[in-house]
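Encoded as structure tokens, the structure appears first; notes follow it.
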There are 2 protein chains.
Amino acid sequence: MARRGSYAKGIAKREEILSAALEVIARNGYGRASVRELADAVGLSQAGLLHYFASKEELFAEILRKRDEVDRETLDAAHADERLSMMDGFVEVMRHNADVPGLVQLYARLSAEATEADHAARPFFTERFRLFRELSVESIREGQQDGTIRADLDAERIASLMLAAADGLQTQWLMDPTIDMAEHIEYLLTLLKPPAAA
Amino acid sequence: MARRGSYAKGIAKREEILSAALEVIARNGYGRASVRELADAVGLSQAGLLHYFASKEELFAEILRKRDEVDRETLDAAHADERLSMMDGFVEVMRHNADVPGLVQLYARLSAEATEADHAARPFFTERFRLFRELSVESIREGQQDGTIRADLDAERIASLMLAAADGLQTQWLMDPTIDMAEHIEYLLTLLKPPAAA
DNA sequence: GTCTATATCGCGATAGAC
DNA sequence: GTCTATCGCGATATAGAC
């Protein structure tokens, strides 16, 4: 911001591109989101946009990275609130997802494409999965400490199942928007409670 | 089979194409599976193959449909065995999936692409999801009857979560094959047991 | 029913001017 | 830093011969 010269400008422009792309995709979905289309939205030519990102795949990965940064704040806020846990923030993020179908679709499609061995976005997803599991395990263990989650559960397995359920629900919801993603995650969370607890 | 004339021949050829395509994809994955490649495998030209299928998307959907037919037998066999339930068959199918990464990838990628409104494979997936939920709900209710599953659970929600977990685990596994898909599904199933049950 | 040949396409990427 | 122009790929789909 306060920095001078082309470097700072480049950073700022990247951010501007990402913000614009985020809006376009949220509105129009992944299918019609070519580099050209995104370039138009920010007032650049296609080549001009690709000056900032090595490839389309990396651009898309950066969009999701930026989205995750925003969502991460929701998670941290919930974690900081002593009446809540990271899992409450997670449910809130899922609830918010229902407002941005285009982004949900981008996530679903790019994560599927990134299963290809040489896909540029693959490192993004493997790291994302790792971090999600790490945060979840931490949150689950906290719940086990304070008695809100069954102590006998395997936090690692639950974390992977949580991630899987969230991703799978997004595809189901894209096919049939009457599915309530957040409610299903909440229901899964109730399965983790001790028999005695409310 | 016993039928005569061009119609029966066409049906047989379709089956031959699907079988060959199934093998090629299981071996090479989705990424390198163009219509041309699949045509080569069965000894047809690309145009020759498309004489039997309206489009690539429909061809791929048919491949998955055929795969589901095979897997369905595993489910039914488990259901018929009075010591088992459909869910046991489901775990077995997931275990088998680890042997056919190409098919898992085809499923993951095509289901993501089929979230596009006008995608030819979309009806296949919506129907598949519906059927999976139907069979799962039935199986869960049976488990609730005979006391192996908590009676207070919402079978519909569990069914959707089961489907979501299965699909999500496949993407995770494609990114990192050390994940044990079947084991995770089994673990999810244990969460459904009554507190008293073993 | 199957092939050859081609229409047509859109896109991502790159070269080079300004 | 941005544009114009174009390359070049790979693909699906189709027309029409045999």
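All heavy atoms count here, side chains included; hydrogens, waters and symmetry mates do not. This is a predicted model, so every value here is computed, not measured.
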If you restrict it to nitrogen or oxygen atoms, what contacts under 3.5 Å exist between nucleotides 12-16 of chain D and the protein, and what is each distance?
unit_1	atom_1	unit_2	atom_2	d
D:dT12	OP1	B:Lys56	NZ	3.3
D:dA13	OP2	B:Lys56	N	3.3
D:dA13	N7	B:Gln46	NE2	3.1
D:dA13	N6	B:Gln46	OE1	3.1

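- Not counting sequence neighbours, the partners of B:Ser34 by the side chain to side chain contact (heavy atoms under 4.5 Å, CB included) test are B:Arg36, B:Glu37.
- As a whole-Å value, the separation of A:Leu49 CG from D:dT4 P is 14 Å.
- Atom NZ of A:Lys13 is separated from atom C1' of D:dG1 by 9 Å (rounded to the nearest Å).
- With sequence neighbours excluded, the residues forming a side chain to side chain contact (heavy atoms under 4.5 Å, CB included) with B:Ser139 are B:Ser85, B:Met86, B:Met87, listed by chain and number.
- For the atom pair A:Glu23 CD and A:Leu103 CG, the distance stands at 10.5 Å (nearest 0.5 Å).
- Atom CG of A:Leu44 and atom P of C:dA13 are 16 Å apart (whole Å).
- Evaluation of the ring pair (Phe, Tyr, Trp, His ring centres under 6.0 Å) test over residues 79-117 of chain B, restricted to residues two or more places apart or in two chains, returns B:Phe90-B:Phe132, B:Tyr107-B:Phe125.
- The nearest whole Å value for the distance from the CG atom in B:Leu59 to the P atom in D:dA11 is 14 Å.
- Atom CD in A:Glu58 sits roughly 9 Å away from atom P in C:dA13 (whole-Å rounding).
- Rounded to an integer number of Å, the gap from CG of A:Asp40 to C1' of C:dC11 is 14 Å.
- Residues forming a salt bridge (charged side-chain N to carboxylate O under 4.0 Å, His left out) with B:Lys13 (at least two apart in sequence, or on another chain): B:Glu16.
- A:Phe129 pairs by the ring-ring contact (aromatic ring centres under 6.0 Å, His included) definition with nothing, not counting sequence neighbours.
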